[in-house]
Every structure is written in structure tokens, then in C-alpha cells.
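Here the structure is a predicted model, which means the values were calculated and not measured.
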Amino acid sequence: MQPHVASLIHAVSLVLLGMWGYLASETPSPTALIPVVIGVVLLLLNRGVKNENKVVAHIAVLLTAVILLGLVMPLKGAIGRGSVMGVARVVVMLGTTIFAMVSFVKAFKAARRAREHQA
């Protein structure tokens, strides 16, 4: 799958599931909106990723790595609270994050191979 499509799916899942988690909480915390903010930034970067802008793609990968690490604590918290829906939301966000990261890595490897083949 093309990295821009994987990143788009990832960004949309962060926005939708992050907002759902925030709005569904009895005591919403502003930190619950972090995935939403990162998702919106990834949406804004998506055109650059699609156009294979290296700088934009690397920023998108960095944000994807940050959210991958950042979702660990919410997962622990949801498990600790016994929130099945909370765990499900975070697991889906983690899944799309890993999916996007794998897509980026494959694209970067393919680009490197293409450059080496041309040289």
C-alpha cells in the first residue's frame, strides 16, 4: 500500500477514535486530544507525503513514531480501568500506527533500492 494512503487511514483513525475517546469519557482530559492533534497534522502533511516530499515524509514518520510511543500509556490506563471500549480504541489506533510505520519503512527501502539501482 502506498505510504500516503496508509498515513491517511492512520490520521483519520487518530482523529475519529481520539475524539470518540475524549467525548465518551466521564472526566475528559485535554491530553486525550493529543492523538487528534497529531492526526490533524498528519492530514495536513498527507499531500506532501503523496508527492514524495522527503522532508514532509520524514516529519510524518517522526509523528507516527511519537504517537506509537505515546499510545502505550493510554493502553495501560484503559487496561487498568477495565475499559473494553478504551482498550479497543487504543488497540485500533496502535494497529493503524504500526500499519503506517511499516508502509513508510517499505517505501523508504524501495526508494533507496531504486536510487542504488540507478547509480
State yes or no: do [X] and [Y] share one hydrophobic cluster built from I, L, V, M, F, W and Y residues joined by side-chain heavy-atom distances below 4.5 Å, directly or via other members?
X: M101; Y: L75; result: yes
X: I34; Y: V61; result: yes
X: L16; Y: M85; result: no
X: L8; Y: L44; result: yes
X: V66; Y: V55; result: yes

Distance in Å, [X] [atom1] paired with [Y] [atom2], rounded so as to fall on 0.5 Å steps:
X: L45; Y: N53; atom1: CG; atom2: CG; value: 9.5 Å
X: F104; Y: Q2; atom1: CZ; atom2: CD; value: 11.5 Å
X: L71; Y: I38; atom1: CG; atom2: CD1; value: 8.0 Å
X: H58; Y: T64; atom1: NE2; atom2: OG1; value: 12.0 Å

Over all atoms of both residues, closest heavy-atom pair of [X] and [Y]:
X: V49; Y: A60; value: CG2-CB, 3.9 Å
X: G39; Y: A11; value: O-CB, 3.4 Å
X: P3; Y: A107; value: CG-CB, 3.3 Å

Tell me, please, which residues at least two apart from [X] pass side-chain contact (heavy atoms from CB on, under 4.5 Å).
X: R115; value: K54, A111, R112
X: I98; value: L68, V102
X: K76; value: V72, M73
X: L17; value: S13, W20, R89, V92, M93

Partner of I67 under side chain to side chain contact (heavy atoms under 4.5 Å, CB included), chosen from L14, L42, T96: L14

May I have the step-by-step check of side-chain contact (heavy atoms from CB on, under 4.5 Å) for R81 and V87, ending in yes or no? CA-CA 9 Å; R81 289 188 308 276; V87 170; over 6 Å; no

Side-chain contact, heavy-atom cut-off 4.5 Å: N51 with H4? no

Indicate yes or no: at least one non-hydrogen side-chain atom of V36 is less than 4.5 angstrom from one of Y22. no

Taken in chain and number order and not counting sequence neighbours, the residues that satisfy side-chain hydrogen bond (donor to acceptor under 3.5 Å, both in side chains) with T31 are S29

Got a sec, which hydrophobics cluster with M1, joining ILVMFWY side chains under 4.5 Å apart, including via others? V5, I9, F99

Stepwise side-chain contact (heavy atoms from CB on, under 4.5 Å) test for I59 and V41: CA-CA 10 Å; I59 292 169; V41 173; 5.7 Å; no

